[in-house]
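Throughout, protein chains are lettered first and strands after them, A, B, ... in sequence-line order, and every chain is numbered starting at 1.
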Amino acid sequence: MIPTSAVLDAYLNFNILLAFVFGLWIVARFALDRMGMKHAYVTQLRLLNGLFLAVALSPVFVLCYGLIFKTGVVSPDFSMTISDIIVAQYLQGRFEMNPSQLEAVLGFRNSMTSDLINFDSQLGIIVSAFLISGMAFFTTRLAISFHRLHKIIDSSFAWRRFGNLHLLLSDTTRVPFSTRTLRRRYVVIPSNMLAESEDLKIALGHELQHLRQSDIEWEIALEFLKPIFFWNPVYYIWKRQVEQLRELSCDQQVIARNHYDVEAYCRCLLRVCQNSLRRDHLFSVSLPKVALFKPDRSMFGRTPAILLRDRLVSLCEGSVERNRKSALVCFMVPLIAMVGVATIAIQKPNDWSQDRIMLSTIINLDRLAMRNSLATPPSR
Amino acid sequence: MRQKKKAEFLTEVELEFMTRLWELGEGTVRDVLAKLAPGRDLAYTSAATIMRILEQKGFVTSTKQGKTFVYRALLSKDAYQTRSLKDLSEKLFDNTPASLVARLVDDNDLSKDALNEIRELLDRRLKNDTD
């Protein structure tokens, strides 16, 4: 059985890695902007999703790293973990610090995980209670949102069917959206939209493009991760970024693929937005679906109005840049390599290395010297 | 198509279709489409879907004549008006129809003729009740 400390350790690693990789993404996006690929939304979305996949697969990097050690290709003394590198730098005199303090800083994570598992300190109890109750709350919320979505689908009217894709008409929703179950994919259209053939065409084109881009699968995966990363602001910022890029790339693709009139497309977006402003209680809890327009405000990130404005501006600018695969590969390969290195770097150090024994010796000698200096000198 | 729980009220588009069908008495999808406003750009398939949904909701029934379906309203316009007013009275006027009528009578846009007509209707109803 996997020990609890290992699970907690992996959990902390995922959170740290997510923050680090988001930093990498910001740099990559800046570089893409400078390279004139500001509007290459498809490339940007793929890059962002690829990075998320790399974070999710980070245990594989750790496994590969362990295998390399086992085969003996690398010396057992070689270490890439941050704490080992810091100790080595300290011993080489690159920076000065009290050795006991350094040990306390390096051992902070261990003592924190131990506190959390054993409920040793008050802080440990508070943090554990917060994590457990938060996870329980967001899991319940997720279950409710799935149930609500099931109810919407169940109360909708079947319109057409193409293989496992079901087009449904709903009286209860005002915004077209797509979602899926394990076997079926759904596009749900407000039944009133049937009377607006131009809007209907655009909404269908938009939702089908989401299906082509596998946006629903990504959305569901991110929703499932919410109970785990609920406290991590990077998760919300990341999700908002994915949502924004998803819509921008989808708009761009739909316009390019179907040659819709940009003005008609923008007007359709505004009409859907206007309809969604009539309070739609079904959308008060975020559902695992991808909608033409998302009226609810997320915890972090821009308001729906600003997002809509960005979409309209992006459409009107008309700068449909080529989404070059070569650019994607050029960015993806080094970034994934960096994710791999970061994954290894944040792991717990292996057993006692020479450097760690040396640090421990220094600390012991330091303590001994302090004790000696405090001791009263023998009387003559 | 799956059988749905019968809906009580019509959506905006459905009401537009039902109004035309009430005027026609009965008719095919093309008949209803022809009765819609001339500027209404509506595909035949969309209109047929709306009629099918109306049938599923229990507002109309259809009979096959040759290759086409002829639709007939199952609910009269009067019955639907009563149902809508009842709902309005319940939701917006705290289930007191008098408040609803008071609001209607207070309306400045109501002409004298219309007010007289309302008075006559009330007198007739009161007379019938006392008889």
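Only the side chain of B/E14 comes within less than 4.5 Å of a heavy atom of chain A; its backbone N, CA, C and O stay farther away. Neither the backbone nor the side chain of A/R161 comes within less than 4.5 Å of any heavy atom of chain B.
Evaluation of the side-chain hydrogen bond (donor to acceptor under 3.5 Å, both in side chains) test over residues 72-90 of chain B, restricted to residues two or more places apart or in two chains, returns B/D87-B/K91.
Put simply, CZ on A/F157 and CZ on B/R52 are 11.5 Å apart, with the number rounded to the nearest 0.5 Å. Here the straight-line distance linking atom OG of B/S46 with atom CD of A/E196 works out to 10.5 Å at 0.5 Å rounding.
No more than 12 heavy atoms of other residues, nucleotides or ligands lie within 6.0 Å of CZ in B/R30, so this atom counts as exposed by the packing criterion. In the displayed structure, A/R267 atom CZ is contacted under 6.0 Å by at most 12 heavy atoms of other residues, nucleotides or ligands.
What you find for B/E12 and A/N192 is that their closest heavy atoms are N-OD1, 3.7 Å. Closest approach of B/T49 to A/L169, counting heavy atoms only: CG2-CD1, 3.4 Å.
B/F93 pairs by the ring pair (Phe, Tyr, Trp, His ring centres under 6.0 Å) definition with nothing, not counting sequence neighbours.
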